[in-house]
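Heads up: the structure comes next, in structure tokens.
Atoms considered below: every heavy atom in the structure, side chains included; atoms not considered: hydrogens, waters and symmetry mates. We're numbering straight along the sequence, starting at 1.
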Amino acid sequence: MARYYEDARRLAGLVASWSKTLPGRRHRFVVTSGGGSGIMEAANRGAYEAGCKTIGLNIKLPFEQHPNPYITPALSFDFHYFFMRKYWFAYLAKALVVFPGGFGTLDEMFELLTLAQTRKLAKKITVVIYGSSYWKNVINLELLAEKGAIATADLELFEFADTPEQAFELLKTGLTENHLESDYEREQARLEKQQNSDDPAPSVQELMGPDIAKTR
């Protein structure tokens, strides 16, 4: 299992380095983790080593969880309730990478997949499940489709990856198609060019738009 730490570190570094090359006054994509040790630390560490800001959404637990030292200090947040932490993950996330983990990892993965399946997200999200040999032994997602519990098309809501480079290409493609080259982004870029440099910078909400679909 130790190799997954280095894989997560490498992948985070690739994503962060690529994000630095994207045009714009702000960091377009920022590596975010649950803020703790292990794989979470590896993600923050990879982005930190690439010279980028990185976010940690820490959860207060009676054991285990403490913010890792690689989170950008001003971007380290503590949550008491899991549902609030998951909300902020889902609200701003443009992609999700699921590394081998336990109950918490499964909880967050299925939360995002359910939101995507039921079209509760205003934008498409790229979901990469890392470590096919691990996950295909833990859960049989194809069986869900065979039994009719999910649609066969729902298997297209995620993709498997087994190397940092493979996962990075999936992320880069998804983020480019669903966000950087979307109609919404083109309109935001046009409006930004029209702005006077003396005007106040647009808010994150104005730049990124809503990420959870409005309730009817």
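For the side chain to side chain donor-acceptor pair (under 3.5 Å) test, no residue two or more places apart in sequence or in another chain qualifies with N140. With sequence neighbours excluded, no residue satisfies salt bridge (Lys or Arg N to Asp or Glu O under 4.0 Å) with D162. Under the rule for a side chain to side chain donor-acceptor pair (under 3.5 Å), T32 has no partner lying at least two apart in sequence or in another chain. Residues forming a side-chain contact (heavy atoms from CB on, under 4.5 Å) with T176 (at least two apart in sequence, or on another chain): W18, K172, L180, E181. Under the rule for a ring pair (Phe, Tyr, Trp, His ring centres under 6.0 Å), the partners of F160 that lie at least two apart in sequence or sit in another chain are F158. Under the salt bridge (Lys or Arg N to Asp or Glu O under 4.0 Å) criterion, E108 pairs with R85, not counting sequence neighbours. Residues satisfying the side-chain contact (heavy atoms from CB on, under 4.5 Å) criterion with A167, sequence neighbours excluded, are L11, V128, Y130, A161. Residues meeting the side-chain contact (heavy atoms from CB on, under 4.5 Å) test with E49, sequence neighbours left out: R9, R45. Listed by chain and residue number, T173 satisfy the side-chain contact (heavy atoms from CB on, under 4.5 Å) test with E177 (two or more places apart in sequence, or in another chain). Applying the ring pair (Phe, Tyr, Trp, His ring centres under 6.0 Å) rule to F83 yields the partners Y81; only residues at least two apart in sequence or on another chain are considered.
The heavy-atom pair separating W135 from L106 by the smallest distance is CZ3-CD2, 3.6 Å. Nearest heavy-atom pair, L96 versus M109, reported as atom, atom and distance to 0.1 Å: CD2-CA, 4.2 Å. Summarising the geometry of G174 relative to T126, their closest heavy-atom pair is CA-OG1, 3.3 Å, with the distance given to 0.1 Å. Contact record, I71 with G56: CG2-N, 3.5 Å, taken as the closest heavy-atom pair. Pairing each heavy atom of T72 with each of C52, the nearest pair is OG1-O, 4.4 Å. Nearest approach of L157 to A116, heavy atoms of both residues: CD2-CB, 4.3 Å.
Between L113 and the choices D154, I125, V127, the side chain to side chain contact (heavy atoms under 4.5 Å, CB included) rule is met once, by V127.
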**OP:** Could you walk me through whether V98 and F110 pass the side chain to side chain contact (heavy atoms under 4.5 Å, CB included) test, one step at a time?
**Re:** CA-CA 10 Å; V98 186; F110 283 116; over 6 Å; no
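The closest side-chain heavy-atom distance from K86 to D107 is below 4.5 Å. Annotation: side chain of W88 is in contact with side chain of F79 (closest heavy-atom distance under 4.5 Å). Put simply, the side chain of F168 does not reach to within 4.5 Å of the side chain of R10, judged on heavy atoms. Inter-residue side-chain proximity for T105 and F99 is flagged as unmet; no heavy-atom pair is nearer than 4.5 Å. Within the 4.5 Å cutoff, the side chain of D78 has heavy atoms near those of the P67 side chain.
Cluster partners of Y48, using a side-chain heavy-atom cutoff of under 4.5 Å among ILVMFWY residues and allowing indirect links, are Y70.
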Which pairs of donor and acceptor atoms, one on a side chain in residues 141-153, lie under 3.5 Å apart (sequence neighbours left out)?
none

